[in-house]
Amino acid sequence: MFSLGNIIKSGRLPAFILPVSKTLPPKPASSGRRRDRGMWQPTKLELERWEKAQRLQAKGYELYPARIERTHRIAEAIALFLRAETDAATTDIGVTVTGRIRRLNSKGKVSFAHIEDESGRVQLFLRINALGEESYELIRRKLIDVDDFVQASGAMMRTRTGEVSVNTSELRLISKALTPLPVIKEQRRADGSVIEYGEFKDSESRYRQRYADLAVNKSVREIFVKRARAIKALREFLDGEGMLEVETPILQPLYGGAAARPFSTHHNQLRQDLYLRISFELYLKRLLVGGYDAVYEIGRDFRNEGVSYKHNTEFTMLEFYKAYIDYKGVMDITERMFAYAAEQVTGSARITYQGAAINLAPPWKRVSIRDAAQELLGFDYMDYPTSETLYAHLDSRGLAEGLAPGDTWGRMIVEHILGKHIERHLIQPTIIKDYPRDMSPFAKGIQGTSADEKERRYLESHTERFEFFIAGMEMGNAFTELNDPRDQQARFVDMKRLYADDADETTPLDEDYLNAMRYGMPPNGGFGSGVDRMVMLLTDQTSIRDVLLYPHLRSQQLTEADLRGQFMLDAAVRGMEYRLDHQMEGSKRQIALYLPAREIGVEFRLANALEGSLAQLQNLRQAFEGDLYVMTDEALYRVDEDLIEIVAADFWQTLT
RNA sequence: GGGCGCGUGGCGCAAUGGCAGCGCAGUUGACUUUUAAUCAAUUGGUUGCAGGUUCGAGUCCUGCCGCGCUCACCA
């Protein structure tokens, strides 16, 4: 309510020269981590650059011209020159290249710079005779800084040490960087390897200011190029399989298709509660009813859950559904698709992940969850057919840690036996198939019968579902899709009954989906996979946040200085004078904002620091002739016998 | 949500409870083929926020904020 951020946004002046107060120029921020919250306050380095910008402008230079010339990307210019060197009569190649200055060193009347565009880096050879004194002085006096974007024209050449360079005859500033990027210097060894000195690695700063991360860390830029290539490869592959790419609603009146808690939102005009989708499943399968043979969607899912190295609140999902195949058909497609994506991104289906060689080429190991448990833990869980007996057995073997005795049988097998004891061993791609029925409400039961009592029970209690694991990480989930509307209805009821107390596990009954199924849905196999995890695998990253450009982070907290800044703006806009002075004895806190004309003091506290400070505030109030208010990030209070909440608008009203 | 760890100039880091330091970057000057250029001089800090203990707190205690790891949660 105090925010006047729009003034800053629309203003022609930068915040720090906004004439808020003659006696109180905003001080440079002491920490860069504060910069991206609240009001921008320039650091010393930023002030220096701003001052340079003013000087350039005063000399008549355009800092941010609209029209730029460029004849070649940097890599093209270099390639052209190298080709000319080997087989052309002349190496006289004139180019105009553009890019960001990444290194600049002046040796008096000659200087060297490296500029970088997306394609690569080239050295500029800058001589006072070639550039002219005026232009050269911009470099020598560093009015043009590292990080600025420039346009350079000249003939390609080699310097004495052999580096391909642009013998620059014309240099033009095309965008001034007012905030310097973190400094990273590179040393190129004779063998072509590059050693970096200095780094920008604080993960919080990197994620919050991804633009700076990308600008200085080339390896980070490369990850997102690979990500784009991976997603393109998935589309190519699925299109090649004859599948149709579709888009389904993100805002849904009912969520479903997965066991997860949704985000909810509200449509004002329609007065309708909506959910952000947790999967695409139910909408995609409706399309098979409509007559498409195979559909897929790549898009964003939202799940209201904790975050981890492999979970982000929003993530990119791939789902496809194909008629007339079962889960074995889906397995075949899965194997070929991953191998194809790996080849497109890394050049081979054999990849390395965290030092482990992983071969994604088909065929993958396929094993039932029952056999996998038998193999790794040495017992057949079908010998313990109830949750009580299974728990007792796991407990007796010391395998029950973290398992709740009240869990369902299926959950014990999938979440505990598979999730806790098997999953992390699955480094090579492995398909784990045939899941307990109560964990798989959209999968068809396993086909077939058996005369043997135990085997019959097994078949009845399991479904044609598989998940696949690579590098110890679950990568996706698929099944022979349930298309019997009578069975599907029973599953909704089963889920509700089994997980009545567990809001996370229930899937709401979607009557329209059942309605679609009653029209007849072709038999089909379906597939879902977290694309971000696939990208982690193909780019050798251990955290999902490193394959997301903007991973979800908590918003940063305001500081008291931010509150004060907002208040100062509000006061300045109303033409009020104020001072930052009042001292309070016997405490480190000595500052309150003082409006002398009205004899009103305002103190700033974060709401969570307000409790217990009443006595202190009352002491401070003694120091004023008039009233003392305390402003927090949540409300404004008048300090009296108690803290009395004031409507901010009323407060300003009484002053004006 | 629980446990552990971290938060110090723009970036990377140091500092047995006792003067807040270093490298890079920045600023000023020198240098016409450098490349982590070099040389000389030099600026910059309320140590994440708030409270407490103490003659004295970056350091100890409490609360809060953020990030990381981990567990829980999680197709």
Side-chain angles (χ1 to χ4, degrees), chain A residues 27-35 37 43-49 103-114 123 125-130 136 140-142 145-146 157-163 165 167 179-188 195-208 212 216 257-261 278-279 281 303-311 402 414-415 418-419 435 439-442 465 467 474 476-479 504-505 528-530 543 545 553-561 587-589 605-613 616:
Chain A
K27 282 183 282 190
S30 58
S31 166
R33 290 199 177 83
R34 259 177 235 161
R35 189 188 309 137
R37 61 189 185 224
T43 64
K44 177 170 174 276
L45 297 182
E46 288 169 328
L47 282 168
E48 281 167 1
R49 292 223 176 172
R103 166 180 164 259
L104 180 59
N105 87 66
S106 175
K107 265 180 61 67
K109 289 177 179 162
V110 60
S111 296
F112 300 87
H114 277 113
Q123 179 168 267
F125 180 57
L126 304 154
R127 278 172 66 215
I128 190 163
N129 336 28
Y136 186 79
R140 181 195 246 176
R141 300 301 156 206
K142 295 183 108 173
D145 287 289
V146 170
M157 63 170 281
R158 273 187 196 274
T159 57
R160 190 175 291 168
T161 53
E163 179 163 349
S165 306
N167 187 5
T179 301
L181 288 165
V183 180
I184 295 180
K185 290 187 170 187
E186 291 185 359
Q187 182 182 17
R188 277 150 208 259
I195 302 175
E196 289 190 346
Y197 296 88
E199 48 189 345
F200 180 51
K201 70 170 186 183
D202 179 76
S203 52
E204 181 177 354
S205 305
R206 285 182 45 232
Y207 299 147
R208 288 196 194 279
V216 302
R261 198 178 304 183
I278 57 171
S279 84
E281 170 146 2
R303 296 188 182 177
N304 210 336
E305 296 161 355
V307 298
S308 79
Y309 73 94
K310 55 181 180 179
H311 295 86
V414 174
E415 302 284 341
L418 177 61
Y435 277 54
M439 290 297 290
S440 314
F442 300 105
R465 168 185 173 186
E467 294 185 310
E474 184 205 327
N477 183 24
F479 15 92
D504 291 355
E505 284 290 343
S529 175
S543 170
R545 287 180 282 267
L553 299 178
R554 280 192 180 82
S555 58
Q556 281 187 315
Q557 186 203 18
L558 290 168
T559 63
E560 293 176 12
S587 167
K588 279 200 264 179
R589 301 192 56 86
R605 293 287 167 95
L606 295 173
N608 61 24
L610 197 59
E611 200 176 332
S613 54
Q616 213 173 31

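Bear in mind that the values here come from a model prediction, so they are computed numbers and not experimental data. Just so it is clear: chains get the letters A, B, ... in the order the sequence lines come, proteins before strands, and each one is counted from 1.
- If you take atom P in G7(B) and the same atom in C61(B), they sit 14 Å apart, rounded to whole Å.
- When the nucleotides G10(B), U33(B), U34(B) are ranked by their closest atom to the side chain of Phe125(A), U33(B) comes out on top.
- Of the P atoms belonging to U62(B) and U53(B), the separation is 15 Å, rounded to the nearest Å.
- Atom P of C19(B) sits at a distance of 22 Å from the matching atom of C6(B), rounded to the whole Å.
- Comparing the same atom, C1', in U32(B) and in A25(B) gives a spacing of 25 Å after rounding to whole Å.
- Met439(A) places a side-chain heavy atom less than 4.5 Å from the side chain of Glu415(A).
- Across the P atoms, G21(B) and U47(B) are found 13 Å apart, a figure rounded to whole Å.
- The base of U32(B) is paired with the side chain of Asn129(A) by a donor and an acceptor separated by under 3.5 Å.
- Nucleic acid contact for Tyr136(A): none, since no nucleic acid atom lies under 4.0 Å from a heavy atom of the residue.
- Inter-residue side-chain proximity for Thr43(A) and Glu46(A) is flagged as met; some heavy-atom pair is nearer than 4.5 Å.
- Residue Arg103(A) places at least one side-chain N or O under 4.0 Å from the OP1 or OP2 atom of A37(B).
- Under 4.0 angstrom from either OP1 or OP2 of G29(B) there lies at least one side-chain N or O belonging to Arg141(A).
- Heavy-atom nearest nucleotides on RNA chain B were determined for Gly198(A) and for Glu163(A), and the one closer to the 5' end corresponds to Gly198(A).
- Residue Arg188(A) places no side-chain N or O under 4.0 Å from the OP1 or OP2 atom of A36(B).
- Between Phe125(A) and Val110(A) there is a side-chain heavy-atom pair separated by less than 4.5 Å.
- Of the P atoms belonging to C71(B) and U16(B), the separation is 33 Å, rounded to the nearest Å.
- Listed nucleotides: C24(B), G68(B), G12(B). Nearest to the side chain of Val183(A): C24(B).
- Contact annotation for Lys109(A): base contact, defined as any heavy-atom pair under 4.0 Å involving a base atom.
- Of all heavy-atom pairs between His311(A) and Ser308(A), the closest is ND1-OG, 2.8 Å.
- The phosphate of U27(B) (OP1 or OP2) has no side-chain N or O of Arg49(A) nearer than 4.0 angstrom.
- Nearest to the side chain of Thr159(A), among A25(B), U70(B), U33(B), sits U33(B).
- Applying the 4.0 Å criterion to OP1 and OP2 of G66(B), one finds that Arg208(A) has every side-chain N and O outside that range.
- Nucleotide C60(B): paired with G52(B) (Watson-Crick or G-U wobble, both distances less than 3.5 Å).
- A72(B) and A36(B): their P atoms are spaced 49 Å apart (whole Å).
- As judged by a 4.0 angstrom heavy-atom cut-off over every strand, Ser111(A) is placed among residues making no nucleic acid contact.
- Listed nucleotides U32(B), C74(B), U27(B) differ in distance to Lys142(A); the shortest reach to its side chain belongs to U27(B).
- Checked against G10(B), U27(B), C74(B), the side chain of Glu415(A) finds its nearest nucleotide in C74(B).
- Taking the side chain of Leu45(A) as heavy atoms from C-beta on, and the options G10(B), U33(B), G68(B), the nearest nucleotide is G10(B).
- Among the protein residues, Ser203(A) comes within range of the sugar-phosphate backbone only, with heavy atoms under 4.0 Å from sugar or phosphate atoms but none that close to a base.
- Between Glu199(A) and Lys201(A), at least one side-chain N (NZ, or NE/NH1/NH2) sits under 4.0 Å from a carboxylate O, which counts as a salt bridge.
- You'll find the side chain of Phe112(A) reaches within 4.5 Å of the side chain of Arg103(A), heavy atoms only.
- Between Gln123(A) and Pro182(A), the residue anchored nearer the 5' end of RNA chain B, judged by the nucleotide with its closest heavy atom, is Pro182(A).
- Using a 4.5 Å cut-off on side-chain heavy atoms (C-beta onward), Arg188(A) and Glu163(A) make no contact.
- Put simply, Lys201(A) has no side-chain N or O that comes within less than 4.0 Å of OP1 or OP2 on C11(B).
- Close to A25(B), at under 4.0 Å from its OP1 or OP2, lies no side-chain N or O of Lys44(A).
- To the nearest whole angstrom, the two C1' atoms, one in G58(B) and one in U46(B), are 12 Å apart.
- As rounded to whole Å, 13 Å separates atom C1' of U32(B) from atom CG of Asn105(A).
- Each of A25(B), G68(B), U27(B) was ranked by its minimum atom distance to the side chain of Asp145(A); first place goes to U27(B).
- Between Lys107(A) and A30(B), a side-chain N or O to OP1/OP2 separation shorter than 4.0 Å is absent.
- Nearest to the side-chain atoms of Glu204(A) among the listed nucleotides C67(B), U33(B), G68(B) stands C67(B).
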